[in-house]
Amino acid sequence: MNETDPDLEACAREPIRVPGAIQPHGALFVLAGAPPVVVQVSANLADYLPDGVRQDAPLFGPLADLGDRLVRWQASGERYFQTRLETEGLIASAHRAGDRVIVEVERLGGERLEAVFSRLRSFTAQLSDEPDIARSLPAVAGFVQQLTGFDRVLVYRFDADWNGQVVAESGNGRLPSYLDLRFPAADIPAQARALYATNRLRIIPDVDYRPVPLVPVPDPQTGDALDMSQCQLRSVSPVHLEYMRNMGTAASMSVSILVDGRLWGLISCHSAGPHMVSQALREICDFVAQALAMRIAALARAEDAARRVMLSAVTSRLLSAMSSAPDWMEALAGEGEGLLAQVGAAGAALVSPERLLSVGEVPPEAAIRRLAAWLDAQPRQDLFSTDRLTRLLEQAPELAADLAPEMAARASGVLALPISRLHAGWLIWFRPELLHTVRWGGNPHEKVREQGRIHPRQSFSAWQELVRACAEPWSEAELAAARALGSAIVGIVLRKAEELAELSG
Ligand SMILES: CCC1=C(C)C2=CC3=N/C(=C\c4[nH]c(/C=C5\NC(=O)C(C)=C5CC)c(C)c4CCC(=O)O)C(CCC(=O)O)=C3CCN2C1=O
């Protein structure tokens, strides 16, 4: 089941940003205009602020000071506002949503933050001393579990297709282990991922909560639904609440791990029973997630830079061999080891209408020629790559008949470059099939369809899948090295063609 499935597309259209309701572990009111007046409230507001808030009026009485501070904040241009309302025992947070200001209040937590901050300092020092991210992840899960008291804390990493894998875990045994299990992209649909890339922190203290409606809905001045994307109290999709029940989790908290602005993964926390974490501790978890994200980004950049340096040295050797040789194809093929090292391939083929030279592990010549002919027929591109032969065969069904059996073992990964602007010619690298078993959290292909809509699957027990016709993915550094070599080859081929033309006068 993939995200193009019509049922899942319907699910991905669920309007999670405008639920028109909140969770009851806080209250909310919406201000508009200048001076700001209250235009909407959550139906439970009086439980938190019995005085000082009235529809169509500025904040008054005990909240007049809050109103003044909000006006100053609005003029400051600062993105967020937060203050403690000691008398009421609340923490108030505000943010802008269009020309509205949304104010959310929650009860103050009782924790002593001084002790937490000293542990946080030690933890972030430990994080920056560890050069291997994979070894840091269990420590992150353990720190967050200790801090929040959830039964299980996972570090969940997305792959290129937005499937995810549990790469670290810390638990107290009340919930089953999910370590190493994978979950399909549909479990966190695209609109939710997009939201979590902007609103990093979400908590659901009790899966059986009764949504508290906003009053009135829609906005009485504009008739619009309130954009609750940045609300901490936003009521959650019923589909996801069903998912949580199926998973046996009564409370959850997710913190987005954003690496260079992209959703790398989540720190995902669960408890078997209802569980609340104060806003202050949630924000410390957010700080931990962003410290981890910065570490991941720094190490990834260092690794990428080192690989690019190594690969550019290989490229220089290949180009000097080509430039000085009368037959550049023979010269390149003669540098077999370097040619393969250029992108970390197991095999490579140089294909022109007249010749085919290969090094390493490559599919049969006939299959390579059919692949090259297919590439010739595609719109001109500087590079074609796939790490899944099945994806290639989806694009080239005409090849499927006789390519698949011969190709999978040696060419599940394909990286192809045109090597001349003058005539058909390709440099094609190949990677072998990585036959491996993947353990999913439940059958990802299972589709539960009732009352005309799709439901989350019931089981999350390990479900094994033998993955075929997949190769090691091509890294950005390898694709860049391939492009660098490709454009240099085109230049050398062109220059040699001009030299030949001059010689033949
Ligand atoms: C064990 C690894 C793991 C997974 C796979 C996971 C899933 C997960 N789904 C989340 C959110 C959603 N899923 C869905 C939808 C689906 N879930 C499904 O299983 C299916 C089939 C659908 C589409 C119908 C939706 C709409 C949402 C948005 C909820 C909201 O923020 O309002 C969310 C975010 C919920 C949150 O933090 O607010 C998660 C995080 C929890 N979680 C995990 O810990």
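We number each residue from 1, following the sequence as shown. Indexing begins at 1, ligand by ligand and atom by atom, following the structure's order.
Under a 3.5 Å cut-off, the side chain of H240 and the backbone N or O of I188 do not form any donor-acceptor pair. With S42 contributing its side chain and L28 its backbone, the two residues share a donor-acceptor pair below 3.5 Å.
Checked options R307, R308, R301; the residue passing with D304 is R308 (criterion: side-chain hydrogen bond (donor to acceptor under 3.5 Å, both in side chains)).
With a heavy-atom cut-off of 4.0 Å, P19 does not touch ligand 1 at all. Contacts with ligand 1 closer than 4.0 Å are made by side-chain heavy atoms of M247 only, the backbone lying farther away.
Looking at ligand 1, you'll find an N or O of H270 within less than 3.5 Å of one of its N or O atoms. Between S268 and ligand 1, at least one pair of N/O atoms sits closer than 3.5 Å. Considering both main-chain and side-chain atoms, S237 comes within under 3.5 Å of ligand 1 through a nitrogen or oxygen pair. An N or O contact shorter than 3.5 Å is missing between Y243 and ligand 1 by distance.
Under the 4.0 Å criterion applied to side-chain N and carboxylate O atoms, D286 and R200 are assigned as salt-bridge partners. Electrostatic pairing of D47 and R107 does not count as a salt bridge here, judged by no charged N lying under 4.0 Å from a carboxylate O.
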Item to complete: Apply ring pair (Phe, Tyr, Trp, His ring centres under 6.0 Å) to F183 and Y178, showing your working.
Response: CA-CA 10 Å; F183 293 78; Y178 281 173; 5.5 Å; yes
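Shown in contact with V236 at under 4.0 Å from a heavy atom are these atoms of ligand 1, numbered in order with element: 29 (C), 30 (C), 32 (O). For ligand 1, the atoms lying closer than 4.0 Å to a non-hydrogen atom of S254 are 36 (C), 37 (O), 40 (C). Within ligand 1, the atoms closer than 4.0 Å to a non-hydrogen atom of Y196 are 11 (C), 28 (C), 29 (C), 30 (C), 31 (O), 34 (C), 35 (C), 36 (C), 38 (O), numbered from 1 in the order shown. The ligand atoms of ligand 1 that sit less than 4.0 angstrom from a heavy atom of V239 are 15 (C), 16 (C), 22 (C), 24 (C). Close contacts of ligand 1 with P456, meaning ligand atoms under 4.0 Å from a residue heavy atom, involve 19 (O). Every atom of ligand 1 with a heavy atom of R234 under 4.0 Å away is listed here by number and element: 30 (C), 31 (O), 32 (O). Interface of I16 with ligand 1, defined as ligand atoms under 4.0 Å from a residue heavy atom, comprises 32 (O). Counting the atoms of ligand 1 from 1 in the order shown, those under 4.0 Å from a heavy atom of E14 are 26 (C).
Atom 9 (N) of ligand 1 has its nearest heavy-atom neighbour, among D187, I267, I203, T249, in D187. Of the candidates I188, L154, I204, the one placing a heavy atom closest to atom 8 (C) of ligand 1 is I188.
Between the side chains of R69 and Q74, no donor-acceptor pair of N or O atoms lies under 3.5 Å. No side-chain donor from either of Q126 and E130 sits under 3.5 Å from a side-chain acceptor of the other. Defined by atom type and a distance below 3.5 Å, a donor-acceptor pair is missing between the side-chain atoms of R96 and Q230. With no hydrogens or angles considered, no side-chain donor-acceptor pair links E78 and W73 at under 3.5 Å.
Within the structure, ligand 1 has A186 among the residues with a heavy atom less than 4.0 angstrom away. Residue P189 places a heavy atom under 4.0 Å from ligand 1.
Two residues are said to be in side-chain contact when any heavy atoms from C-beta on lie closer than 4.5 Å; V239 and P456 meet this criterion.
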